[in-house]
Amino acid sequence: SLGLSPVRILDDPIRIEPVLNKWRQKAERGIDAGKEYANAIRNRRVRFATALPARIGAQTLALLREAGAASLTRRLKVPRADVRKMIVSSALGRSR
């Protein structure tokens with residue numbers, strides 16, 4: 001813990017960047033494990049239902065990584081068009 005109040009964090013978000021990076025990396029490892037798990041599932045419907053949230057999560061983490069500390073004050077969201085593309089490519093058996 002950096003011992004900072006929420007107000008101080010928002011006043012100087014760069015100070016919390018190491019903490020954000022630590023948690024983002026942990027989340028990325030979890031997403032990678034989820035993708036690996038999804039790829040091991042043989043039932044296509046279950047694999048799709050498991051892989052799609054992992055893909056959306058990975059894209060969300062990419063947005064957070066790009067935004068850095070600014071993610072504390074900006075709304076970040078995977079665009080619906082991108083989610084639709086993920087659904088179509090997953091349904092066709094393609095992955096990114």
Side-chain angles (χ1 to χ4, degrees):
S1 171
L2 296 174
L4 298 173
S5 69
V7 171
R8 293 223 26 226
I9 289 170
L10 292 177
D11 285 344
D12 188 13
I14 298 299
R15 288 186 67 187
I16 199 163
E17 190 76 34
V19 175
L20 294 175
N21 287 335
K22 174 187 165 191
W23 286 104
R24 201 169 25 249
Q25 290 170 358
K26 183 174 181 160
E28 288 170 351
R29 288 191 303 271
I31 293 289
D32 290 342
K35 287 179 180 179
E36 186 176 332
Y37 174 79
N39 287 333
I41 297 172
R42 292 182 186 242
N43 182 293
R44 188 175 171 156
R45 285 183 170 178
V46 175
R47 183 174 54 242
F48 174 79
T50 305
L52 184 61
R55 291 182 70 189
I56 295 169
Q59 183 66 29
T60 301
L61 287 171
L63 293 173
L64 289 168
R65 188 174 41 258
E66 290 170 17
S71 65
L72 297 172
T73 57
R74 286 181 25 202
R75 181 176 181 193
L76 299 174
K77 189 174 178 183
V78 177
R80 286 184 186 183
D82 290 356
V83 173
R84 287 186 190 110
K85 288 176 189 175
M86 288 179 208
I87 292 169
V88 169
S89 68
S90 292
L92 296 174
R94 300 178 196 144
S95 63
R96 286 185 179 169

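Residue numbers run from 1 in the order of the sequence given.
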**OP:** With sequence neighbours excluded, tell me which residues meet salt bridge (charged side-chain N to carboxylate O under 4.0 Å, His left out) with Arg65.
**Re:**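 By the salt bridge (charged side-chain N to carboxylate O under 4.0 Å, His left out) rule, Arg65 matches Glu28.
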**OP:** Check salt bridge (charged side-chain N to carboxylate O under 4.0 Å, His left out) between Arg24 and all other residues, then give those that pass, not counting sequence neighbours.
**Re:**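 For Arg24 the salt bridge (charged side-chain N to carboxylate O under 4.0 Å, His left out) partners, ignoring immediate neighbours, are Glu17.
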Is it possible for you to say whether [X] and [Y] belong to one hydrophobic cluster, with membership spreading through side-chain heavy-atom contacts below 4.5 Å?
X	Y	result
Leu10	Trp23	yes
Phe48	Ile41	no
Ile14	Ile9	no
Val83	Leu63	yes

List the atom of [X], the atom of [Y], and the distance in Å for their closest heavy-atom pair.
X	Y	value
Asp82	Val78	CB-CG1, 3.9 Å
Arg55	Ser89	NH1-OG, 3.0 Å
Ala49	Pro53	O-CD, 3.1 Å
Asn43	Arg45	OD1-N, 3.0 Å

Original post:
Is any side-chain heavy atom of Lys26 less than 4.5 Å from a side-chain heavy atom of Lys22?
Top reply: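 SC-SC contact between Lys26 and Lys22 ruled out.
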Original post:
Do the side chains of Ile56 and Gln59 get nearer than 4.5 Å, heavy atoms only?
Top reply: no
Original post:
For Ala67, what residues pass the side-chain contact (heavy atoms from CB on, under 4.5 Å) criterion, not counting sequence neighbours?
Top reply: Ser71, Arg74, Leu76
Original post:
About how many Å separate CD1 of Ile31 and CG of Leu61, when rounded to the nearest 0.5 Å?
Top reply: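 Separation between the atoms: 5.5 Å.
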Original post:
In Å, rounded to the nearest 0.5 Å, how long is the span from CG of Asn21 to CD1 of Ile16?
Top reply: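 So the gap between those two atoms works out to 10.5 Å.
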